Amino acid sequence: MEPKALLSRALDALAGTYDITPDAQVLSRSVDALAQLRALNSKYVLTKKHVLWQANAFEHALFLCTDSLCAETVRDWFTFLTREAEPQLVHPGKPCPDEGHMYTDLTLIFLCKDVQEDASRFIRRAKFTKNYRFSFRGWATARLLAVDCSRGAVVTNAAARELKPLFTRLIRDA
């Protein structure tokens, strides 16, 4: 299966719950697609002005299609995601997210014809979690996933483990 065909299948699977932007621009970089999710939950008394609690969740998934994936490319995108994109996507222009923010998942999804072993190793070992005000304002987590279309293999870091069955099914059902 070609990476672009897999991208199309993945975006179709996510279209019901995610806002999808094909060929998107994330700060200074271009991605093949950007899928964003906002889940806003709150409990209030009588009117929405009197909020008892809020638990808002967000996800930003960046899709990248490439022929071959090496560790240097993964490292470059991971650094971009955790150092440049995290402040802008999670708390733009502020030191921390607003009250009611529970978590934000920053997800990088590489769809490739070939994933090199050093890239797989980097993805499996990659970790990033940032707490805001001792988690009172929530946290952000980076999730990495790479699909090797030629072998039908899916590689994830620990935070993205729950995404593996979806992409395995998308490859298998092709």
Side-chain angles (χ1 to χ4, degrees), residues 3 6-42 53-66 69 73-112 115 119-120 122-147 154-171:
L6 182 58
L7 173 65
S8 177
R9 291 175 54 88
L11 295 179
D12 288 345
L14 299 175
T17 52
Y18 285 74
D19 296 326
I20 296 172
T21 308
D23 298 319
Q25 189 76 20
V26 178
L27 301 176
S28 62
R29 300 203 183 191
S30 296
V31 294
D32 291 301
L34 174 66
Q36 296 177 303
L37 172 73
R38 290 180 49 204
L40 308 176
N41 298 308
S42 63
W53 57 264
Q54 287 181 318
N56 303 325
F58 304 89
E59 181 174 358
H60 306 278
L62 287 66
F63 288 85
L64 299 155
C65 295
T66 184
L69 185 65
T73 304
V74 177
R75 186 177 293 111
D76 178 49
W77 275 96
F78 185 71
T79 302
F80 165 76
L81 187 72
T82 57
R83 293 192 183 152
E84 295 176 42
E86 178 268 330
Q88 293 301 315
L89 295 175
V90 180
H91 52 90
K94 301 175 199 160
C96 70
D98 294 330
E99 271 189 62
H101 174 265
M102 189 164 82
Y103 70 88
T104 299
D105 286 333
L106 304 167
T107 308
L108 268 175
I109 300 171
F110 297 98
L111 306 174
C112 317
V115 177
S120 296
F122 182 87
I123 289 170
R124 283 192 297 269
R125 294 178 179 174
K127 295 179 193 171
F128 174 83
T129 301
K130 184 172 182 179
N131 295 312
Y132 304 101
R133 299 210 175 146
F134 302 105
S135 296
F136 287 116
R137 293 281 178 101
W139 63 89
T141 304
R143 305 188 311 171
L144 297 178
L145 179 136
V147 178
V154 179
V155 180
T156 68
N157 68 348
R161 193 174 302 130
E162 66 192 26
L163 299 174
K164 191 171 185 173
L166 170 67
F167 283 90
T168 303
R169 185 172 35 93
L170 288 173
I171 293 170

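Note that the numbering runs from 1 along the sequence shown for the chain. Model, not experiment: these values are computed from the prediction.
- When atom types are taken as modelled, the side chain of Ser135 and the backbone of Asn131 share no donor-acceptor pair closer than 3.5 angstrom.
- Summarising the geometry of Leu170 relative to Ala13, their closest heavy-atom pair is CD2-CB, 4.4 Å, with the distance given to 0.1 Å.
- Note that CG of Asp19 and NE2 of His60 are 11.0 Å apart. Values are rounded to the nearest 0.5 Å.
- Looking at Phe128 and Asn157, their side chains never come closer than 4.5 Å, going by heavy atoms from C-beta outward.
- Closest of all the heavy-atom pairs between Ile20 and Leu11 is CD1-O, 3.3 Å.
- Side-chain contact between Leu111 and Arg9: absent, with no pair of heavy atoms (C-beta onward) separated by less than 4.5 Å.
- The closest side-chain heavy-atom distance from His101 to Trp139 is not below 4.5 Å.
- By the 6.0 Å contact criterion, CZ on Arg161 is open, its count of non-hydrogen atoms from other residues, nucleotides or ligands being 12 or less.
- At a threshold of 4.5 Å between non-hydrogen side-chain atoms, the residues Leu14 and Phe63 count as touching.
- No side-chain heavy atom of Thr141 sits less than 4.5 Å from a side-chain heavy atom of Tyr103.
- The shortest non-hydrogen separation linking Cys65 to Pro3 is SG-O, 3.8 Å.
- Here OG1 of Thr21 is found 10.5 Å from CG of Leu62. Values are rounded to the nearest 0.5 Å.
- The closest side-chain heavy-atom distance from Val26 to Leu34 is below 4.5 Å.
- Atom CD1 of Ile109 and atom CG of Leu7 lie 9.5 Å apart (nearest 0.5 Å).
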Full working for side chain to side chain contact (heavy atoms under 4.5 Å, CB included) between Ile171 and Val147
CA-CA 9 Å; Ile171 293 170; Val147 178; 3.1 Å; yes
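- Looking only at side-chain heavy atoms (C-beta outward), Thr107 and Leu145 stay at 4.5 Å or farther from each other.
- In this structure, Asp76 CG and Leu81 CG are separated by 11.5 Å, a value rounded to the nearest 0.5 Å.
- To the nearest 0.5 Å, atoms OG1 (Thr73) and CZ (Phe122) are separated by 11.0 Å.
- Atom CD of Glu84 sits about 9.0 Å away from atom OG1 of Thr79, to the nearest 0.5 Å.
- His91 approaches Pro97 most closely through the heavy-atom pair CB-N, 3.6 Å.
- Here the shortest heavy-atom pairing between Ala142 and Ala159 reads O-CB, 3.7 Å.
- Side chain of Asn56 to backbone of Asn41: a donor-acceptor contact under 3.5 angstrom is found.
- Summarising the geometry of Thr17 relative to Leu37, their closest heavy-atom pair is O-CD1, 3.1 Å, with the distance given to 0.1 Å.
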Can Glu99 and Arg137 be said to form a side chain to side chain contact (heavy atoms under 4.5 Å, CB included), step by step?
CA-CA 6 Å; Glu99 271 189 62; Arg137 293 281 178 101; 3.5 Å; yes
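- At least one side-chain heavy atom of Leu144 sits under 4.5 Å from a side-chain heavy atom of Phe78.
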